[in-house]
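Each chain gets a letter, A, B and so on, in the order the sequences are listed, and its residues count up from 1.
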2 protein chains.
Amino acid sequence: MHITQHTDYALRVLIYLGACPERRVTIKEMASSFDISRSHLMKIVTRLVTDGFIEGVRGKGGGLRLLRAPADIGVGEVVRRMEPGFDLVECFRTDSSCLLSPGCRLKSALRTALQAFLESLDTTTLADLIVNQPRLRSLLNVTAIRPSA
Amino acid sequence: MHITQHTDYALRVLIYLGACPERRVTIKEMASSFDISRSHLMKIVTRLVTDGFIEGVRGKGGGLRLLRAPADIGVGEVVRRMEPGFDLVECFRTDSSCLLSPGCRLKSALRTALQAFLESLDTTTLADLIVNQPRLRSLLNVTAIRPSA
DNA sequence: AATAAAGATTCACATAAAATGCATCTTAAA
DNA sequence: TTTAAGATGCATTTTATGTGAATCTTTATT
């Protein structure tokens, strides 16, 4: 059972932006910090923009910033939006061919468990993830001043 | 977010066996019913044997049957045993390189959510999944008598 | 205007985890 | 001794996911 790295990185982007609210952060900077390619991170960022979590400003001096208040961004919501699918097993899919399906109670048990999972994540917001902003900033090796790189 | 088909089929095997407690069921029969290869299903069965959920009897007239009472087999337990890993995101793995890790609260939030997921599954047992045994038997097209195929 | 720095888009490729199945071995009933 | 069953190991295929190059678009600065 895994969550895709897309979702993982999406959360890291939000944490990064939440830790640096006073400036625009570029994809390049974050890609370098996360040690992945600019193009790769771009996809995740594009998705976050589409979903209204963040805003991208093009052109010189541009960059990214949060569009919503950290306390208003639930981890559950991010996971729900970023994950490609929650069809835990075959019978969740429309083309399921499992003979048992019509009389099977497994599906509803799994659905309930999935709900419990997401609802648990709903209790945490981005604000909770960045409570210790100074600590995060030092971990990311960023200061209030834009790093030279 | 997915659960492997191995786990999915493992649960189906248990349901199948739970629905036919009066006889030994062969892998061949179940493979045919699930429309997958014998060899493939074998791996799942082997694992269930190793984990003590079922028993395999070799030789002519052999087959599989449950070793434990359905009410004693929790869905959560099966999932925990069959799934290859629950490292939801990179930072769950020992070789994680995420800079944020030391100050990050995401991991614990995800761990809590995962626990909620599994604990929810713990509330359902195999007995709950096979309450309507006659229905399942007709869906599987098995009767009390061994099918000719 | 021109240039440079940023995000956006499209395409193609790489990788690893799952899934799948073949061939062969072992066991035990008939 | 034959047949029907499970057990084991190996090889292959498939697919989701991850990855990045190249190019386009936008905008601040000079």
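- The interatomic distance linking B:Arg23 (CZ) with C:dA29 (P) rounds to 19 Å, in whole Å.
- Grouping the Ile, Leu, Val, Met, Phe, Trp and Tyr side chains by contacts below 4.5 angstrom, directly or via other members, places A:Ile15 apart from B:Leu99.
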Yes or no on side chain to side chain contact (heavy atoms under 4.5 Å, CB included) for B:Arg38 and B:Glu29, after CA distance, side-chain angles and deciding distance?
CA-CA 9 Å; B:Arg38 207 177 133 274; B:Glu29 176 185 333; over 6 Å; no
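- To the nearest angstrom, P of C:dC22 lies 15 Å from CG of B:Leu41.
- Rounded to whole Å, atom P of C:dT20 lies 10 Å from atom CG of B:Asp35.
- Along DNA chain D, the nucleotide nearest to A:Val57 and the one nearest to A:Ser37 differ in position, and the one closer to the 5' end is contacted by A:Ser37.
- Rounded to whole angstrom, the span from the CD1 atom of B:Ile44 across to the P atom of D:dG6 amounts to 14 Å.
- Nearest nucleotide to the side chain of A:Gln5, out of C:dG7, D:dT19, C:dT20: D:dT19.
- Per the geometry, NE2 belonging to B:His40 stands 17 Å off C1' belonging to D:dG6, to the nearest Å.
- Linking Ile, Leu, Val, Met, Phe, Trp and Tyr residues whenever their side-chain heavy atoms come within less than 4.5 Å places B:Val49 and B:Leu66 in a single cluster.
- Comparing D:dG20, C:dA19, D:dA4 by their closest approach to the side chain of A:Ser39 singles out D:dG20.
- The shortest distance between the side-chain N/O atoms of A:His2 and the OP1/OP2 oxygens of C:dA18 is below 4.0 Å.
- When the C1' atom of C:dC22 is taken as reference, atom CD1 of B:Ile36 falls 16 Å away, rounded to whole Å.
- Of the candidate nucleotides C:dG7, C:dA18, D:dG6, D:dG6 has the atom nearest to the side chain of B:Arg38.
- A distance of 9.5 Å separates CG in A:Leu118 from CZ in B:Phe117, rounded to the nearest 0.5 Å.
- When rounded to the nearest whole Å, the span between NZ of B:Lys43 and C1' of D:dA7 equals 12 Å.
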According to the Watson-Crick and G-U wobble definition with distances under 3.5 Å, which dot-bracket string, read 5' to 3', encodes DNA chain C, using [ ] for crossing pairs and | for pairs with another strand?
||||||||||||||||||||||||||||||
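- Here the side chain of A:Arg58 is nearest to one of C:dA18, C:dG7, D:dG18, namely C:dG7.
- Positionally, the nearest nucleotide of DNA chain C for B:Ile3 lies more toward the 5' end than for the other of B:Gly59 and B:Ile3.
- Distance check: A:Leu14 CG to A:Met82 CE gives 8.5 Å after rounding to the nearest 0.5 Å.
- Atom CE in A:Met42 sits roughly 12 Å away from atom C1' in C:dA5 (whole-Å rounding).
- Comparing D:dT17, C:dA6, D:dT19 against the side chain of A:Thr26 picks out C:dA6 as the nearest.
- Residue A:Lys60 places its side chain closer to D:dT29 than to any other of D:dT29, C:dA18, C:dG21.
- Checking each of A:Val45, A:Leu17, A:Leu48, A:Val13 against A:Phe53 for a side chain to side chain contact (heavy atoms under 4.5 Å, CB included) leaves exactly one that passes, namely A:Leu48.
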Full working for side chain to side chain contact (heavy atoms under 4.5 Å, CB included) between A:Ile36 and A:Met30
CA-CA 9 Å; A:Ile36 59 175; A:Met30 285 192 288; over 6 Å; no
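- In terms of position on DNA chain C, the residue among A:Ile27 and B:Pro84 whose nearest nucleotide sits closer to the 5' end is A:Ile27.
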Output, in order, the C-alpha distance, side-chain angles, deciding distance and verdict of side chain to side chain contact (heavy atoms under 4.5 Å, CB included) for B:Arg135 and A:Leu100.
CA-CA 9 Å; B:Arg135 181 79 198 281; A:Leu100 297 167; over 6 Å; no
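- For B:His6, whose side chain is taken as the heavy atoms from C-beta onward, the closest listed nucleotide among D:dT26, C:dT20, D:dT19 is C:dT20.
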